[in-house]
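All remarks here apply to the structure that follows.
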Amino acid sequence: MSKAVNNMSMGDVEPQERMKHLSHCGNLIEVDKNMPVTRYYRSGTEMLRMANVYLREGNHENAFILYLRYMTLFIEKIRQHPDYGSVKAEVRDINRKIKDEIMPTTEKLRAKLLTHYQREYEQFLASKEAERVKELERERERERERQRQKEKEKAGSSAIPSLIPANLHVLIDEGNQPSAPDLGLLDQVVYPNDFPTGANRSLPGSGLLLPAASEAAADKTANAKPSFDRNQKPSYNRTDSLLAGSLRLVHVPGDTMEVFLKLALANTSKNIETCGVLAGHLSQNQLYITHIITPQQQGTPDSCNTMHEEQIFDVQDQMQLITLGWIHTHPTQTAFLSSVDLHTHCSYQIMMPEALAIVCAPKYNTTGFFILTPHYGLDYIAQCRQSGFHPHPNDPPLFMEAQHIRMDNQAKIKVIDLRR
């Protein structure tokens, strides 16, 4: 989680702070006024689809975040879009759904999460207290051992016969000869030196003052409420949480490129690009590409534009598929993202951070799996207002090879060809 979580105060405020941070992540959504407003409508539909999956799987944190983002988008942010008027009717229907279904579900999730966070934090406090008591006992045992060593040394130095003059007669009462100390008894003694010396002494790790040589006070304080280092907070980082900030893994069927190149072969032979939408589903916080949806399109040697996108949406709604990126060919060029490709992919990645841009270059028998660089390229392209082919700076890089993919040679891609 973020640094804000690591700086949370102690006590019963902790679960509330975690909830505040969760709510903050749920509000992290912005509307780009240059993006078609219908894209946000589609994004909301898929956001809700993923939230429902998380809810069914019991991942309440991620479900809460996505429900909150959905409400933030349609109750507040969408009004900032200049084309908001054209979707008012749809938004009214969505707001009704929010009021009747999503808001009550989100409030139930909030209550469940607060209870869960409170229980986790109480367990953390109990663990820290147990460790403090153990460390105190270990320190006392170390002090006992030091006292035993001192007594042994003292006993050994009291009998040195060679130092007594031979002509000195020493009378010793045989019945009262000193005996060696019973070291076993030392285990039963609590020494004043078990704690720091001085008129006002503090119990290690507590900050509570002890009167000098007060064994009773020491025992009483050992059971007192602990005082902890406020820098030592419980770690809540989890790889299955959207709070972790990392991209979810995307599984790609091993035959995806081969199948797509076959359906693009007629265009490729004419030096025309072909494109398709990558769609799939969410399961256990991982994304699985299952389908290529090939829309009606118009291609050129260096570009490809989709047509009748509503047909794609209808298919996805019927099959409950979410958009996971796009795939296209470069018939005569290498695998890279052109300036037009960068802008095309920006609209995918803004809606789905894990969205892939797969580029097949059959002439060079290569394939690229790309994303815009999250901390520079995505923002740069989103703010670029130029269209068509135009130059972009190369340093820092605007796109990179995707690192969050896994090829699955056991899975087979399915094709829905809407060009027919």
Side-chain angles (χ1 to χ4, degrees), residues 1 22 25-26 28-29 39 42-71 73 97 101-102 105-106 108-109 112-113 116 236-260 276-294 312-327 345 348-358 369-371 374 401-416:
M1 293 176 71
L22 205 63
C25 291
L28 290 179
I29 186 168
R39 287 289 178 91
R42 286 304 308 171
S43 175
T45 300
E46 298 190 1
M47 197 183 300
L48 199 57
R49 198 165 286 160
M50 288 190 291
N52 292 337
V53 170
Y54 280 129
L55 184 63
R56 289 196 301 270
E57 294 179 348
N59 192 327
H60 293 161
E61 265 190 359
N62 287 357
F64 179 84
I65 289 172
L66 291 182
Y67 284 134
L68 205 57
R69 285 182 185 170
Y70 184 86
M71 291 191 290
L73 175 61
K97 185 181 185 69
E101 302 175 22
I102 299 171
T105 299
T106 306
K108 288 181 181 179
L109 283 173
K112 280 190 174 185
L113 288 167
H116 177 69
Y236 297 110
N237 289 331
R238 297 212 324 267
T239 56
D240 68 337
S241 175
L242 293 175
L243 294 172
S246 57
L247 297 177
R248 292 168 293 185
L249 189 66
V250 178
H251 296 259
V252 182
D255 65 341
T256 299
M257 285 65 67
E258 179 185 355
V259 169
F260 182 68
V277 173
L278 300 171
H281 65 271
L282 167 73
S283 177
Q284 300 299 321
N285 205 45
Q286 296 186 17
L287 300 164
Y288 294 81
I289 294 174
T290 56
H291 290 75
I292 296 175
I293 305 174
T294 313
I312 304 174
F313 303 153
D314 289 342
V315 169
Q316 289 182 283
D317 289 344
Q318 291 169 16
M319 305 185 70
Q320 294 291 296
L321 298 173
I322 56 178
T323 305
L324 298 176
W326 64 303
I327 183 171
H345 189 65
Y348 285 94
Q349 196 168 327
I350 281 179
M351 301 302 179
M352 170 72 74
E354 293 85 359
L356 296 175
I358 301 179
F369 299 84
F370 302 118
I371 60 170
E401 287 276 355
Q403 304 297 312
H404 61 292
I405 63 172
R406 177 178 295 170
M407 301 306 299
D408 185 354
N409 292 325
Q410 302 302 314
K412 301 297 181 183
I413 196 72
K414 298 175 184 177
V415 175
I416 300 174

Between Arg248 and Met50, does a side-chain contact (heavy atoms from CB on, under 4.5 Å) hold up when you go through it step by step?
CA-CA 13 Å; Arg248 292 168 293 185; Met50 288 190 291; 3.8 Å; yes
Would you say the side chains of Asn285 and Asn62 form a donor-acceptor pair under 3.5 Å?
yes
Given 3.5 Å as the limit, does a donor-acceptor pair link the side chain of Ser43 with the main chain of Arg39, or not?
no
By ring-ring contact (aromatic ring centres under 6.0 Å, His included), Tyr288 pairs with (sequence neighbours left out) His251, His281
Over all heavy atoms of both residues, which pair between Arg69 and Cys25 is shortest? Give the atoms and the distance, please.
NE-O, 3.1 Å
Can you check whether Val277 reaches Tyr348 side chain to side chain, under 4.5 Å on heavy atoms?
yes
Heavy-atom pair with the smallest gap, counting every atom of Leu356 and His345:
C-CE1, 3.4 Å
To the nearest 0.5 Å, what is the distance between CD on Glu354 and CG on Leu247?
5.0 Å
Is any side-chain heavy atom of Leu324 closer than 4.5 Å to a side-chain heavy atom of Thr290?
no
For the CD1 atom of Ile405 and the CG atom of Leu287, what is their distance to the nearest 0.5 Å?
13.0 Å
Do side-chain atoms of Glu57 reach the backbone of Gln284 as a donor and acceptor pair under 3.5 angstrom?
yes
Within the distance-only criterion (no hydrogens, no angle test), does the side chain of Arg49 pair as donor or acceptor with the backbone N or O of Gly44 below 3.5 angstrom?
no
My understanding is that only residues two or more places apart in sequence, or in another chain, count here; which of them pass ring-ring contact (aromatic ring centres under 6.0 Å, His included) with Tyr70?
Phe74
Any donor and acceptor pair, going by atom type alone, linking the side chain of Glu46 with main-chain N or O of Ile322 inside 3.5 Å?
no
Side chains of Met407 and Met257, heavy atoms from C-beta outward: is any pair under 4.5 Å?
yes
Quick check for you: to the nearest 0.5 Å, what is the distance between Phe260 atom CZ and Ile292 atom CD1?
6.5 Å
Got Met47 and Met351 here, is their nearest side-chain heavy-atom distance under 4.5 Å?
no
Between Val250 and Ile289, is any pair of side-chain heavy atoms under 4.5 Å apart?
yes
side-chain contact (heavy atoms from CB on, under 4.5 Å) evaluation trace for Ile327 with Phe369:
CA-CA 9 Å; Ile327 183 171; Phe369 299 84; over 6 Å; no
Across all chains, not counting sequence neighbours, the side chain to side chain contact (heavy atoms under 4.5 Å, CB included) partners of Ala63 are Tyr54, Leu55, Tyr67, Leu109
Would you say the side-chain atoms of His291 pair up with the backbone N or O of Leu321, donor to acceptor, closer than 3.5 Å?
no
Distance in Å, Met352 CE paired with Gln349 CD, rounded so as to fall on 0.5 Å steps
11.0 Å
Do Glu61 and Leu113 come within less than 4.5 Å of each other through their side chains, counting heavy atoms only?
yes
Check Ala411 against Pro253 and note the closest heavy-atom contact, atom names and distance.
O-CB, 3.6 Å
Could you tell me the separation between the CD1 atom of Ile416 and the CD1 atom of Ile293, rounded to the nearest 0.5 Å?
5.0 Å
Measuring from atom CD1 of Ile358 to atom CZ of Phe370, what distance do you get when rounded to the nearest 0.5 angstrom?
10.5 Å
Between Thr256 and Val252 (side chain of the first, backbone of the second, donor and acceptor by atom type, cut-off under 3.5 Å), is there such a pair?
no
Take Asn59 and Val53 through the test side-chain contact (heavy atoms from CB on, under 4.5 Å) and record every step on the way to the result.
CA-CA 9 Å; Asn59 192 327; Val53 170; over 6 Å; no
Is there a side-chain contact between Leu66 and Asn52, using heavy atoms and a 4.5 Å cut-off?
no
